[in-house]
Amino acid sequence: MAQSNIHAYVFGEHGDTSFIPWSGAYISGVSVDEYYDLEKKLGKDIEPIDKEAMLQYVQKSGGEIISKKGATFYAVSSSVCKLCSLLVSSSESISTVSTMMHGEYGIDDVCLSTLTLVGPNGVQGKVPMRMTKAEIEQLKKSADALKEIIAQIDLN
C-alpha cells in the first residue's frame, strides 16, 4: 500500500549541492528509518529507502528534463502557482522557499531553500529545523557553492 503522509524536504541551492535532511523526514509521524522497521514488524514486504538514489534523482532530474524537453517551465509554473495560492490564502503555510539567509545555521548573504513561513503577507520568516551537524555542513557547502558563482558575476 502506498503511503501518502510523507514529509520530507530538499534544502540548499537548486542543483548538485542540494540535499535531503533525512533527520527531518517523516512518514506518518515517524522517521523514515523507524517507518521501515515498523512495517517489517507488521510483516510488510518493503525495501528500505535508497537515500543516495533518491538524492541523485532530486539533483539530476532537472537536467534530465531539460535534455529531453528543452526546459523545465512546467515545474516552475507549478511552483509559482503554489506560491501564489499561499500568498492569496487566508492563512500561512510552511514551504521550502529560497530566501536570504541572515545567520540561520551560521549562513549569511545568500539565498537558500529552507523551511519558510509564507502567507498572505508574503514571507513571514524561516522555520528552524533541527538538523545533524553533517546536514548543516551540507547546507553550508551549498551556500559556499552559490557564493562562488555570485562572486563571478560582473555587475558593471
Side-chain angles (χ1 to χ4, degrees), residues 1-36 38 49 51-66 69-153 155:
M1 178 165 82
Q3 181 53 257
S4 61
N5 193 8
I6 300 170
H7 297 275
Y9 309 97
V10 177
F11 277 17
E13 56 89 25
H14 184 83
D16 290 342
T17 64
S18 62
F19 70 99
I20 301 165
W22 289 107
S23 64
Y26 292 89
I27 302 172
S28 298
V30 298
S31 75
V32 293
D33 296 328
E34 289 173 300
Y35 183 81
Y36 169 78
L38 287 171
I49 293 173
K51 294 176 182 176
E52 187 58 34
M54 191 169 290
L55 177 61
Q56 289 299 312
Y57 175 81
V58 166
Q59 290 177 338
K60 304 300 180 192
S61 60
E64 189 173 320
I65 291 169
I66 290 170
K69 293 179 71 176
T72 59
F73 42 78
Y74 293 116
V76 172
S77 299
S78 176
S79 295
V80 169
C81 287
K82 179 183 178 199
L83 288 173
C84 288
S85 72
L86 293 175
L87 294 172
V88 299
S89 69
S90 60
S91 62
E92 299 167 331
S93 183
I94 297 171
S95 187
T96 47
V97 178
S98 186
T99 55
M100 183 62 74
M101 303 297 286
H102 298 288
E104 299 88 356
Y105 308 104
I107 301 169
D108 282 298
D109 298 329
V110 68
C111 292
L112 292 172
S113 182
T114 59
L115 294 179
T116 306
L117 187 62
V118 182
N121 295 316
V123 170
Q124 299 300 298
K126 299 208 182 39
V127 177
M129 186 173 96
R130 274 181 271 149
M131 290 192 286
T132 66
K133 288 180 182 179
E135 290 167 340
I136 292 170
E137 287 306 313
Q138 286 180 284
L139 190 61
K140 288 178 179 179
K141 178 182 171 186
S142 192
D144 290 342
L146 278 178
K147 286 180 178 184
E148 285 179 25
I149 292 169
I150 292 166
Q152 296 172 19
I153 298 172
L155 298 176

Quick check on Lys147: does its NZ atom have over 12 non-hydrogen neighbours (other residues, nucleotides or ligands) under 6.0 Å away? yes
Please report the closest heavy-atom contact between Ile49 and Ile27, naming both atoms and the distance. CD1-CD1, 4.4 Å
Short side-chain to backbone donor-acceptor contact, Ser93 and Ser91, under 3.5 Å: no
Heavy atoms of Glu92 and Gln124 approach each other most closely as OE2-CG, 3.1 Å
Nearest non-hydrogen partners of His102 and Asp108, listed with the distance: C-OD1, 3.2 Å
Rounded distance (nearest 0.5 Å) linking atom CD of Glu135 with atom CZ of Arg130: 12.0 Å
Value for OG (Ser23) from CD1 (Ile136), rounded to nearest 0.5 Å, stands at 8.5 Å
Spacing of NE2 belonging to His14 relative to CG belonging to Leu146, to within rounding of 0.5 Å: 11.5 Å
The side chain to side chain contact (heavy atoms under 4.5 Å, CB included) partners of Tyr9 (sequence neighbours excluded) come to His7, Phe11, Thr96, Leu115, Met129
Flag side-chain contact, heavy atom, 4.5 Å: Asp16 against Lys60: yes
Check side chain to side chain contact (heavy atoms under 4.5 Å, CB included) between Ile107 and all other residues, then give those that pass, not counting sequence neighbours. Met101, Tyr105, Val110, Leu112, Leu139, Lys140, Ala143
Rounded to the nearest 0.5 Å, how far apart are CG of Leu117 and OG of Ser95? 10.0 Å
Gap separating the CD1 atom of Ile20 from the OH atom of Tyr57, nearest 0.5 angstrom: 11.0 Å
Looking at Leu87 and Gly119, what are the two nearest heavy atoms and their distance? CD2-O, 3.3 Å
Contacts of Asp33 meeting salt bridge (charged side-chain N to carboxylate O under 4.0 Å, His left out) (sequence neighbours excluded), chain-then-number -> Lys51
I need the minimum non-hydrogen distance between Gly15 and Gln59, along with the two atoms involved. O-CG, 3.5 Å
For Ser18 and Ser142, the nearest pair of non-hydrogen atoms, with its separation, is N-OG, 4.5 Å
Would you kindly say whether Glu52 and Gln56 are connected by a side-chain donor-acceptor distance under 3.5 Å? yes
For a side chain to side chain donor-acceptor pair (under 3.5 Å) with Lys126, tell me which candidate from Thr116, Thr114, Thr99 qualifies. Thr99
Return the OH to CD distance between Tyr26 and Glu34, rounded to the nearest 0.5 Å. 7.5 Å
